[in-house]
K.L.:
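One structure coming up, written as structure tokens, with questions to follow.
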Amino acid sequence: ETIIESIRQTLLQEKEKEVQFKDRCVEEKHLAELQYARRSREEVALNAAIARLASTIQAADSQATELDSQVVQLNESLAEAATGRTEELENYETTVEEQKQQQAKLEKAIATLKAFYSLLQRRTSKDQAAATTTAVPTTTTLPGKFETKKAKHAGGSGILAILQLLLENCENMLRSLQDSEQAARDSYVLNIAETNKAIEETKRAAVGMAVTKTQAESDKETAEARLAAVQTEMAEIDAFLKIVEDRCGWIIQNFVASQAARQTQVDNLKQAELTLRTSLTTSM
């Protein structure tokens, strides 16, 4: 093997190494760009997820605050209802007591009048019986005329009727008060039950909002940590691409011309070797 052939083989090897180096550079650059594109898409998705989770946290926090406020209002309404019910009951008991006292007075008055008129009637009957047996008639009632003299205390029954009517009114008033009190009591019990139910439901909803907020905060922290890792990887890939560009940029950009130049050198050496051999053969 001649020196020229040795040099030519060296050039061919360098030419092949350049091809391998260029292929390796292209492959590494391509893989790095693919990784960077994947991380870039993941970064976009993570930013969107973080924004969505932040919105969820804000909404859950706002709703939880509103639900807590509703619980406070419902508890206040319970206190107000209890106060109002206490006042209603006090008014009811006062009114009932007044009506019972009025009823007792009427019953006493009726009983007193009945006893008085009963005694008066017995005395009147006794006096009339005595007068019938001893008295001599002094007047004669003319035919066609009526006795115009009224019996004593004939209006007693009217007074008793009025008192009895007042007593009945008092009894009706008591029954009406009792019915109203029962209705108010039933309404109060129902209102308390419904309000307590609403409080429990609102509390459960508030707990649900708190769980939603906590989960969203945890997911947001995870997404933010992943985003930081992705951005670090992107920075590392970007740095690697710069290294590839520094090492391979010139070769990739000038590969065709470099290969052509090397091939020209190989061809020139081949031609030189042939020329040398021809010259040697001729001189011999």
K.L.:
Out of curiosity, does Met234 fall in the hydrophobic cluster containing Leu46 (side-chain heavy atoms, cut-off under 4.5 Å, transitive links)?
P.N.:
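Cluster IDs for Leu46 and Met234 match.
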
K.L.:
Test of understanding: with side-chain contact (heavy atoms from CB on, under 4.5 Å), list the residues that count as partners of Cys25, not counting sequence neighbours.
P.N.:
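By the side-chain contact (heavy atoms from CB on, under 4.5 Å) rule, Cys25 matches Phe21, Cys248, Ile252.
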
K.L.:
Out of curiosity, Gln99 CD to Arg175 CZ, how far, rounded to the nearest 0.5 Å?
P.N.:
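It is 12.0 Å, given to the nearest 0.5 Å.
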
K.L.:
Quick one about Asp267 and Gln271 (side-chain donor to acceptor, distance below 3.5 Å, no hydrogens or angles considered), yes or no?
P.N.:
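No.
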
K.L.:
Is any side-chain heavy atom of Glu181 closer than 4.5 Å to one of Glu93?
P.N.:
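In short, these two side chains do not touch, never coming nearer than 4.5 Å.
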
K.L.:
Considering residues at least two apart in sequence or located in another chain, which fulfil the side-chain contact (heavy atoms from CB on, under 4.5 Å) criterion with Asn196?
P.N.:
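Asn196 satisfies side-chain contact (heavy atoms from CB on, under 4.5 Å) with Leu78, Ile192, Ile199 only.
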
K.L.:
Could you state whether Leu163 and Phe116 fall into the same hydrophobic cluster, counting links through intermediate Ile, Leu, Val, Met, Phe, Trp or Tyr residues with side-chain heavy atoms under 4.5 angstrom apart?
P.N.:
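Leu163 and Phe116: one cluster.
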
K.L.:
Closest heavy-atom contact between Arg39 and Val230?
P.N.:
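Of all heavy-atom pairs spanning Arg39 and Val230, the closest is O-CG1, 3.4 Å.
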
K.L.:
Examine Tyr36 and Val44 and state if one hydrophobic cluster contains both, with Ile, Leu, Val, Met, Phe, Trp and Tyr joined whenever side-chain heavy atoms are less than 4.5 Å apart.
P.N.:
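No: no chain of side-chain contacts under 4.5 Å links Tyr36 to Val44.
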
K.L.:
Salt bridge (Lys or Arg N to Asp or Glu O under 4.0 Å) with Glu200: which residues, sequence neighbours excluded?
P.N.:
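Here no residue qualifies.
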
K.L.:
Going through the distances and angles, do Gln101 and Glu97 end up as a side chain to side chain donor-acceptor pair (under 3.5 Å)?
P.N.:
CA-CA 6 Å; Gln101 291 177 2; Glu97 182 60 27; 3.2 Å; yes

K.L.:
Report yes or no: does Asn268 contribute a side-chain atom to a donor-acceptor pair with the main-chain N or O of Thr264 at less than 3.5 Å?
P.N.:
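Side chain of Asn268 to backbone of Thr264: a pair is present.
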
K.L.:
To the nearest 0.5 angstrom, please state how far the CD1 atom of Ile110 sits from the CG atom of Leu167.
P.N.:
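Here the rounded value is 4.5 Å.
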
K.L.:
Over all heavy atoms of both residues, which pair between Ser77 and Leu74 is shortest? Give the atoms and the distance, please.
P.N.:
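Minimum heavy-atom contact is OG-O, 2.5 Å.
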
K.L.:
So, Thr112 side chain and Lys108 main chain: donor-acceptor pair closer than 3.5 Å or not?
P.N.:
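Side chain of Thr112 to backbone of Lys108: a pair is present.
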
K.L.:
Throw together a table of side-chain donor-acceptor distances under 3.5 angstrom for residues 10-17, partners on residues two or more places apart or in other chains.
P.N.:
from, atom 1, to, atom 2, distance (Å)
Thr10, OG1, Ser6, O, 2.9
Glu14, OE1, Arg262, NH1, 3.2
Lys15, NZ, Gln259, OE1, 3.2

K.L.:
Hey, what do you get for CG (Asp23) to CD (Gln20), rounding to the nearest 0.5 Å?
P.N.:
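Between atom CG of Asp23 and atom CD of Gln20 there are 8.0 Å.
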
K.L.:
Is it true that a side-chain atom of Thr232 and a backbone atom of Ala228 form a donor plus acceptor pair closer than 3.5 Å?
P.N.:
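Yes, the answer is positive, given that a donor and an acceptor are paired below the 3.5 Å cut-off.
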
K.L.:
Drop me the distance from His30's NE2 to Gln35's CD, to the nearest 0.5 angstrom.
P.N.:
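Rounded to the nearest 0.5 Å, the NE2-CD separation comes to 10.5 Å.
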
K.L.:
Can you confirm whether Arg85 sits close enough to Arg185 that some side-chain heavy atom of one is under 4.5 Å from a side-chain heavy atom of the other?
P.N.:
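Result yes, sub-4.5 Å side-chain heavy-atom pair found.
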
K.L.:
So with a 6.0 Å cut-off around CD of Glu27, is the heavy-atom count from everything else above 12?
P.N.:
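Incorrect, the count does not exceed 12.
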
K.L.:
Between Leu106 and Ile159, is there shared hydrophobic-cluster membership here, with clusters defined by ILVMFWY side-chain heavy atoms closer than 4.5 Å?
P.N.:
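Yes: a chain of side-chain contacts under 4.5 Å links Leu106 to Ile159.
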
K.L.:
Hydrogens and angles aside, do Asn172 and Glu168 bring a side-chain donor and acceptor to less than 3.5 Å of each other?
P.N.:
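There is no such pair (donor and acceptor under 3.5 Å, judged by atom type) between the side chains of Asn172 and Glu168.
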
K.L.:
Nearest 0.5 angstrom please: Gln102 CD to Glu107 CD, how far?
P.N.:
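Gln102 atom CD to Glu107 atom CD measures 11.0 Å (nearest 0.5 Å).
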
K.L.:
Show your working on side chain to side chain donor-acceptor pair (under 3.5 Å) between Asn47 and Glu43 and close with a plain yes or no.
P.N.:
CA-CA 6 Å; Asn47 279 323; Glu43 180 187 33; 4.6 Å; no

K.L.:
Please find the pair of heavy atoms, one from Ala81 and one from Tyr188, that lie closest to each other, and give the distance.
P.N.:
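In terms of heavy atoms, the two residues are closest at O-CE1, 3.6 Å.
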
K.L.:
With rounding to the nearest 0.5 angstrom, report the CD to CG distance, Glu28 to Leu241.
P.N.:
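Here the rounded value is 10.5 Å.
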
K.L.:
Which donor-acceptor pairs under 3.5 Å do the side chains of residues 56-65 make with protein atoms, sequence neighbours left out?
P.N.:
from, atom 1, to, atom 2, distance (Å)
Thr56, OG1, Arg52, O, 3.0
Asp61, OD1, Lys213, NZ, 2.9
Thr65, OG1, Asp61, O, 2.9

K.L.:
Hey, any chance Leu166 and Tyr117 share a hydrophobic cluster, counting ILVMFWY side chains that come within less than 4.5 Å of each other, even indirectly?
P.N.:
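Yes; Tyr117 is reachable from Leu166 via cluster members.
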
K.L.:
Could you tabulate the donor-acceptor pairs under 3.5 Å formed by side-chain atoms of residues 216-226, not counting sequence neighbours?
P.N.:
from, atom 1, to, atom 2, distance (Å)
Asp219, OD1, Gln215, NE2, 2.9
Asp219, OD2, Gln215, NE2, 3.4
Lys220, NZ, Glu224, OE2, 2.6
Thr222, OG1, Ser218, O, 3.1
Arg226, NE, Glu42, OE2, 2.7
Arg226, NH2, Glu42, OE1, 3.2
Arg226, NH2, Glu42, OE2, 3.2

K.L.:
When you measure from the side chain of Ser258 to the backbone N and O of Asn254, does any donor-acceptor pair fall under 3.5 Å?
P.N.:
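Between the backbone of Asn254 and the side chain of Ser258 there is no qualifying donor-acceptor contact (under 3.5 Å).
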
K.L.:
So if I apply the side-chain contact (heavy atoms from CB on, under 4.5 Å) rule between Tyr92 and each of Thr95, Thr94, Leu89, which one comes out positive?
P.N.:
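Per the side-chain contact (heavy atoms from CB on, under 4.5 Å) rule, the option paired with Tyr92 is Leu89, out of Thr95, Thr94, Leu89.
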
